[in-house]
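Working notes, beginning with the structure itself.
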Amino acid sequence: MKFVATDQAAAAIGPYSQGVIAGNLFYSSGQIPLTPSGEMVEGSIVEQAHQVFANLKAVLAEAGSSLEGVVKTTVFIKDMNDFAALNEVYASYFGGHKPARSTVEVARLPKDAKVEIEVIAALAE
């Protein structure tokens with residue numbers, strides 16, 4: 001296994017890494033809307049989701065992959081009423097690429113985020 005870390009995304013806020021490479025797959029830790037400097041992005045689900053995707057793109061790049069390599073996402077959302085708005089942001093990043101996905105409404109996320117997303121991605125060959 002190889003542990004992935006980049007200063008282009010928020011640092012892990014606990015005893016875990018931003019992601020792990022095992023074989024030809026990258027597994028990200030859940031990304032919340034923290035800036036690389038550790039500041040929480042306040043505002044709507046849309047604003048928070050854009051920061052989450054910025055973080056995902058950074059850890060994917062560090063691992064040698066990209067959003068196009070993502071095969072599975074897991075989305076944790078604080079309020080399912082934000083689902084449509086989140087989907088618009090999500091679609092803007094993935095376009096025609098449609099990885100498998102699970103979306104789960106949760107009672108609470110770290111730092112009271114409105115969204116957290118983790119991915120599994122294939123590495124570039």
Side-chain angles (χ1 to χ4, degrees):
M1 284 190 297
K2 178 183 173 195
F3 299 99
V4 174
T6 177
D7 61 4
Q8 300 301 304
I13 57 174
Y16 58 90
S17 29
Q18 290 171 324
V20 175
I21 295 171
N24 66 343
L25 291 176
F26 169 68
Y27 300 83
S28 81
S29 292
Q31 295 295 313
I32 61 173
L34 285 176
T35 66
S37 64
E39 295 177 46
M40 186 68 174
V41 171
E42 301 296 334
S44 72
I45 187 86
V46 169
E47 293 160 314
Q48 289 197 0
H50 282 296
Q51 183 61 52
V52 168
F53 274 100
N55 292 341
L56 287 169
K57 286 170 66 174
V59 295
L60 283 161
E62 185 68 23
S65 190
S66 66
L67 289 174
E68 291 77 28
V70 172
V71 296
K72 170 75 167 75
T73 66
T74 305
V75 178
F76 303 96
I77 188 170
K78 189 173 179 180
D79 184 349
M80 201 56 84
N81 291 318
D82 288 333
F83 187 76
L86 174 67
N87 263 348
E88 285 187 35
V89 175
Y90 185 96
S92 75
Y93 285 93
F94 283 113
H97 178 63
K98 293 184 168 69
R101 179 174 102 176
S102 301
T103 303
V104 181
E105 182 181 53
V106 295
R108 193 167 183 204
L109 290 166
K111 305 237 180 225
D112 289 321
K114 293 179 173 134
V115 61
E116 178 175 0
I117 302 175
E118 64 185 31
V119 300
I120 300 171
L123 299 178
E125 294 184 21

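It should be emphasised that the depicted structure is a prediction, and the values quoted were computed from it without experimental measurement.
Side-chain atoms of S29 come within 3.5 Å of backbone N or O of S17 as a donor-acceptor pair. Panel note: side chain Q48, backbone P33; no donor-acceptor pair is recorded below 3.5 Å. Not a single donor-acceptor pair under 3.5 Å links the side chain of D82 to the backbone N or O of I77. Looking only at distances, no side-chain donor or acceptor of D7 sits under 3.5 Å from a matching main-chain atom of P36.
Geometrically, R101 engages Y90 in a cation-pi contact, judged by NZ or CZ lying under 6.0 Å from the ring centre and within 45° of the ring axis.
Between Q31 and I117, every side-chain heavy-atom pair lies at or beyond the 4.5 Å cut-off. No side-chain heavy atom of V106 sits less than 4.5 Å from a side-chain heavy atom of E116.
Nearest heavy atoms, L123 versus A63: CD2-O, 3.4 Å. A122 and L25 get closest at one heavy-atom pair: CA-CD2, 3.9 Å. Closest heavy-atom contact between K111 and I32: CG-CD1, 4.1 Å. Smallest separation of non-hydrogen atoms from Q18 and V59: CB-CG1, 3.8 Å. V4 and E62 get closest at one heavy-atom pair: CG1-CG, 3.7 Å. Contact detail for P99 and V70: the closest heavy-atom pair is CB-O, 3.4 Å.
For the atom pair M80 CE and T103 OG1, the distance stands at 6.5 Å (nearest 0.5 Å). Interatomic distance, CD of Q8 versus OG1 of T35, reported as 11.5 Å (0.5 Å rounding). Separating the CZ atom in F76 from the CD atom in E118 is a distance of 4.5 Å, to the nearest 0.5 Å. Once rounded to the nearest 0.5 Å, the distance linking CG of N87 with CD1 of I45 reads 10.5 Å. To the nearest 0.5 Å, atoms OG1 (T6) and NZ (K57) are separated by 13.5 Å. In this structure, OG on S65 lies 10.0 Å from CG on N24, to the nearest 0.5 angstrom.
Following chains of ILVMFWY side-chain contacts shorter than 4.5 Å, one can reach L67 starting from F26, so the two form part of one hydrophobic cluster. Criterion: ILVMFWY side-chain heavy atoms under 4.5 Å apart, direct or through other members. Under it, I120 and V20 are not part of a common hydrophobic cluster. When hydrophobic clusters are built by joining Ile, Leu, Val, Met, Phe, Trp and Tyr residues whose side-chain heavy atoms come closer than 4.5 Å, directly or via intermediates, Y16 is grouped together with L34. Following chains of ILVMFWY side-chain contacts shorter than 4.5 Å, one cannot reach V41 starting from V52, and the two form parts of different hydrophobic clusters. When hydrophobic clusters are built by joining Ile, Leu, Val, Met, Phe, Trp and Tyr residues whose side-chain heavy atoms come closer than 4.5 Å, directly or via intermediates, I13 is not grouped with V115.
Every side-chain hydrogen bond (donor to acceptor under 3.5 Å, both in side chains) that Y93 has, sequence neighbours left out, goes to H50. Shown here are the side-chain hydrogen bond (donor to acceptor under 3.5 Å, both in side chains) partners of K2, two or more places apart in sequence or in another chain: there are none.
Using modelled atom types and a 3.5 Å distance limit, the side chains of K114 and S44 yield no donor-acceptor pair.
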